[in-house]
Asks: 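Structure incoming, see below.
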Amino acid sequence: QVQLVESGGGLVQAGDSLRLSCAASGRRISDYHMGWFRQAPGLEREFVAIISSRGGPLLYGDSVKGRFTISRDTAKNTLVLQMNSLKLEDTAVYYCAADRDYAFSAQIESFDYWGQGTQVTVSS
């Protein structure tokens with residue numbers, strides 16, 4: 001089983017960039033489809049991005065397309081989310097997750113392992 005720990009969150013201004021990392025231990029991230037999700041107060045957890053176990057394809061949520069980039073460093077066993085042109089509505093707790101199934105899906109229910117989350121706050 002894989003353990004996931006997110007880092008890199010913080011307080012930034014609208015238009016700024018931020019880079020989140022998810023350090024995995026126990027198993028290789030290349031054994032899983034890896035994803036980022038986020039949850040704002042009072043809202044349901046939302047899909048942000050996913051990368052398949054093979055390193056591609058990649059999928060993005062509509063609200064982050066063109067601004068966020070998901071990638072992985074298999075040597076460091078780390079998942080990364082580069083967030084550019086941040087908006088107020090990007091404020092949320094961001095979670096890293098791993099899906100052990102063969103099927104490639106962005107559905108939250110498909111993911112088996114979750115990190116504890118890292119807070120991203122975007123101010124005006």
Side-chain angles (χ1 to χ4, degrees):
Q1 140 174 356
V2 65
Q3 291 80 44
L4 305 170
V5 178
E6 303 93 336
S7 62
L11 174 63
V12 297
Q13 291 189 324
D16 285 352
S17 297
L18 203 59
R19 182 180 175 93
L20 303 183
S21 294
C22 173
S25 61
R27 294 286 298 271
R28 299 173 302 178
I29 59 171
S30 56
D31 290 339
Y32 303 91
H33 306 312
M34 298 295 298
W36 287 98
F37 294 80
R38 67 186 183 186
Q39 189 166 17
L43 300 179
E44 294 186 351
R45 196 164 294 189
E46 174 190 23
F47 165 69
V48 175
I50 180 176
I51 182 170
S52 80
S53 59
R54 296 184 179 183
L58 314 177
L59 291 177
Y60 294 93
D62 289 340
S63 60
V64 306
K65 281 180 182 176
R67 300 188 299 121
F68 290 12
T69 302
I70 187 172
S71 63
R72 67 182 191 179
D73 185 335
T74 54
K76 295 182 179 180
N77 214 31
T78 298
L79 183 71
V80 175
L81 184 69
Q82 178 65 43
M83 306 187 293
N84 298 329
S85 303
L86 283 161
K87 303 177 180 180
L88 298 179
E89 52 265 40
D90 293 321
T91 295
V93 177
Y94 283 72
Y95 297 91
C96 169
D99 177 4
R100 64 188 176 189
D101 292 336
Y102 178 79
F104 183 60
S105 171
Q107 297 297 316
I108 291 177
E109 296 76 15
S110 299
F111 287 79
D112 306 287
Y113 306 104
W114 294 82
Q116 83 289 348
T118 186
Q119 176 71 48
V120 172
T121 303
V122 184
S123 65
S124 58

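Quantities reported herein were computed from a predicted structural model and do not represent experimental measurements.
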Asks: Within the 4.5 Å heavy-atom criterion, are Val80 and Asp73 side-chain neighbours or not?
Replies: no
Asks: Provide the closest heavy-atom pair for Arg38 versus Ser63 in the form atom of the first, atom of the second, distance.
Replies: NH2-OG, 3.1 Å
Asks: Treating Gln39 as the side-chain partner and Ala92 as the backbone partner, does any N or O pair qualify as donor plus acceptor under 3.5 Å?
Replies: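 Side chain of Gln39 to backbone of Ala92, a donor-acceptor pair under 3.5 Å: no, none is there.
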Asks: Any donor and acceptor pair, going by atom type alone, linking the side chain of Asn77 with main-chain N or O of Ser30 inside 3.5 Å?
Replies: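 Absent.
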Asks: Which heavy atom of Phe37 sits nearest to which heavy atom of Phe111, and what is that distance?
Replies: CZ-CE1, 3.4 Å
Asks: Using a 3.5 Å distance criterion without hydrogens, assess whether the side chain of Asp99 forms a donor-acceptor pair with backbone atoms of Asp101.
Replies: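 Confirmed, Asp99 side chain pairs with Asp101 backbone.
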Asks: Any chance you could measure Ile50, atom CD1, to Ile70, atom CD1, to the nearest 0.5 Å?
Replies: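 Taking CD1 in Ile50 and CD1 in Ile70, the distance rounds to 7.5 Å.
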Asks: Does some side-chain heavy atom of Tyr94 sit less than 4.5 Å from a side-chain heavy atom of Met83?
Replies: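 Yes, at least one pair of side-chain atoms sits under 4.5 Å.
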Asks: Mind listing the closest non-hydrogen atom pair of Ile29 and Ala24 along with its distance?
Replies: CG2-CB, 3.3 Å
Asks: Drop me the distance from Leu18's CG to Asp90's CG, to the nearest 0.5 angstrom.
Replies: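 Rounded to the nearest 0.5 Å, the CG-CG separation comes to 10.0 Å.
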Asks: As an exercise, state the distance from SG of Cys22 to CH2 of Trp114, rounded to the nearest 0.5 Å.
Replies: 11.0 Å
Asks: Please check: side-chain N/O of Glu6 versus main-chain N/O of Thr118, any donor-acceptor pairing under 3.5 Å?
Replies: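 Side chain of Glu6 to backbone of Thr118, a donor-acceptor pair under 3.5 Å: no, none is there.
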Asks: Just by distance, no angles: are the side chains of Tyr113 and Arg100 close enough, under 3.5 Å, to form a donor-acceptor pair?
Replies: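 Yes.
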Asks: Judged by atom type as modelled, is there a donor-acceptor pair below 3.5 Å linking the side chain of His33 to the main-chain atoms of Ala97?
Replies: no
Asks: Hey, does the side chain of Ser105 reach the backbone of Ala103 with a donor-acceptor pair shorter than 3.5 angstrom?
Replies: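 No, Ser105 side chain to Ala103 backbone: no donor-acceptor pair under 3.5 Å.
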Asks: Would Lys65 and Asp62 pass as an ion pair if we require N to O under 4.0 Å?
Replies: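 A salt bridge is present here (some side-chain N lies under 4.0 Å from a carboxylate O).
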